[in-house]
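Here's the structure, in structure tokens; my notes come after.
Atoms within each ligand, like the ligands themselves, are counted from 1 in listed order.
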Amino acid sequence: MKLVDEVAGIVAHRHARRNVVTARLDRMDFHEPVFVGNALSLDARLAFTGRTSMEVMVDVRAENLDTGEVVHTGTAWLTMIALNERGKPVAVEPIAPESEDEKRLHALAAARYEARRNERGA
Ligand SMILES: CC(C)(COP(=O)(O)OP(=O)(O)OC[C@H]1O[C@@H](n2cnc3c(N)ncnc32)[C@H](O)[C@@H]1OP(=O)(O)O)[C@@H](O)C(=O)NCCC(=O)NCCS
């Protein structure tokens with residue numbers, strides 16, 4: 001979980017070029033167990049930008065170093081917020097999805113963004 005939060009922070013920070021904070025861990029699916037001795041790899045993608053928020057999707061894979069077998073063990077969605085020098089939310093550049101995969105990811109994330117706003121009464 002710590003690694004998931006860290007890579008999401010790196011991806012969001014890299015996009016915003018500012019400090020970011022985690023506002024929400026929307027979901028964490030554990031598809032398969034991770035065993036002691038497995039090597040983990042994490043793949044994080046910026047799925048969506050709101051005004052100051054960024055949704056990052058993180059995939060976790062575990063490699064059995066004895067056999068080389070790699071298993072997709074988890075997926076998480078996090079909302080990160082860009083902060084200005086005073087620690088207040090600040091606008092980020094919107095992303096422009098290009099590939100069909102990016103557009104699909106973006107549309108799903110946009111729907112989650114709206115659902116979160118409705119949930120919070122924003
Ligand atoms: C996240 C935080 C900066 C939001 O501050 P705020 O004063 O509520 O800011 P705003 O109402 O202006 O919202 C800023 C953005 O955060 C989003 N947001 C706020 N609360 C959210 C939540 N619970 N989940 C998802 N997004 C959230 C808003 O939608 C908005 O995004 P947008 O600009 O893209 O529409 C503030 O609540 C905070 O600092 N929380 C503590 C974070 C923390 O300590 N994280 C570490 C966890 S280990």
Side-chain angles (χ1 to χ4, degrees):
M1 296 282 282
K2 182 171 181 288
L3 292 174
V4 164
D5 191 46
E6 283 177 1
V7 296
I10 290 170
V11 165
H13 195 142
R14 185 180 283 143
H15 177 76
R17 297 296 177 202
R18 289 182 172 278
N19 277 338
V20 298
V21 70
T22 309
R24 178 159 168 149
L25 173 55
D26 232 324
R27 181 166 167 171
M28 176 88 215
D29 290 321
F30 297 95
H31 310 305
E32 299 282 344
V34 175
F35 297 103
V36 173
N38 283 173
L40 290 182
S41 68
L42 291 89
D43 175 33
R45 304 164 66 180
L46 183 60
F48 176 82
T49 46
R51 196 180 76 80
T52 66
S53 65
M54 295 158 277
E55 191 189 67
V56 180
M57 183 179 119
V58 182
D59 280 313
V60 183
R61 292 181 177 78
E63 178 183 354
N64 179 326
L65 294 173
D66 291 335
T67 65
E69 185 192 13
V70 177
V71 177
H72 183 205
T73 56
T75 310
W77 286 263
L78 299 91
T79 304
M80 318 298 291
I81 313 298
L83 300 177
N84 67 15
E85 295 69 19
R86 287 174 290 114
K88 299 292 180 198
V90 63
V92 298
E93 284 290 316
I95 52 165
E98 289 175 4
S99 69
E100 285 310 309
D101 189 40
E102 287 169 356
K103 287 178 185 166
R104 185 187 56 79
L105 200 62
H106 188 269
L108 291 171
R112 284 193 293 272
Y113 172 78
E114 287 305 326
R116 283 193 298 268
R117 282 172 63 87
N118 291 338
E119 189 184 297
R120 295 201 317 280

What's the shortest distance from atom 35 (O) of ligand 1 to any protein heavy atom, and which residue and atom give it?
-> Tyr113 OH, 2.5 Å
What protein heavy atom is closest to atom 4 (C) of ligand 1, reported as residue, atom name and distance in Å?
-> Pro89 CG, 4.5 Å
If two hydrophobic side chains count as joined below 4.5 Å and joins carry through other members, does Val20 share a cluster with Leu25?
-> yes
Return the option from Thr52, Thr22, Ile81, Asp26 holding the heavy atom at the smallest distance from atom 45 (N) of ligand 1.
-> Thr22
In the protein, what heavy atom is nearest to atom 34 (O) of ligand 1, and what distance, to one decimal place, separates them?
-> Ser53 OG, 2.6 Å
Nitrogen or oxygen atoms of Arg116 and ligand 1 under 3.5 Å apart = no
Pairwise side-chain contact, Asn19 with His13, heavy-atom cut-off 4.5 Å (strictly under) | yes
So do Met80 and Thr22 actually touch side chain to side chain, heavy atoms under 4.5 Å?
-> yes
Backbone of Asp29 reached by a side-chain donor or acceptor of Thr75 within 3.5 Å = no
So do the side chains of Leu40 and Val60 get within less than 4.5 Å of each other, counting heavy atoms only?
-> yes
Indicate yes or no: at least one non-hydrogen side-chain atom of Glu55 is less than 4.5 angstrom from one of Arg116.
-> yes
Atom 31 (O) of ligand 1 touched by protein (heavy atom, under 4.0 Å) = yes
Heavy-atom protein contact below 4.0 Å for atom 11 (O) of ligand 1 | no
Is there a chain of hydrophobic side chains (I, L, V, M, F, W, Y, each step under 4.5 Å between heavy atoms) that links Leu105 to Met28?
-> no
Do you see a protein non-hydrogen atom under 4.0 Å from atom 48 (S) of ligand 1?
-> no
Asp101/Arg104 ion pair, N-O < 4.0 Å | yes
Among protein heavy atoms, which lies nearest atom 39 (O) of ligand 1, and at what distance?
-> Val21 CG1, 4.6 Å
Mark whether atom 27 (C) of ligand 1 lies under 4.0 angstrom from at least one protein heavy atom.
-> yes
Taking only non-hydrogen atoms of Arg117 and a 4.0 Å limit, the atoms of ligand 1 in range are 35 (O)
Could you find the nearest protein heavy atom to atom 24 (N) of ligand 1 and give me its residue, atom name and distance?
-> Arg24 CD, 3.3 Å
Quick check: does Arg120 get an N/O under 3.5 Å from an N/O on ligand 1?
-> yes
Any protein heavy atom < 4.0 Å from atom 8 (O) of ligand 1 = no
Please confirm whether the backbone N or O of Glu93 pairs with a side-chain atom of His15, one donor and one acceptor, at under 3.5 Å?
-> yes
Counting only heavy atoms on the protein side, is anything nearer than 4.0 Å to atom 41 (C) of ligand 1?
-> no
Atoms in ligand 1 with a heavy atom of Gly50 nearer than 4.0 Å = 34 (O)
Does the side chain of Lys88 reach to within under 4.5 Å of the side chain of Val90, using non-hydrogen atoms?
-> no
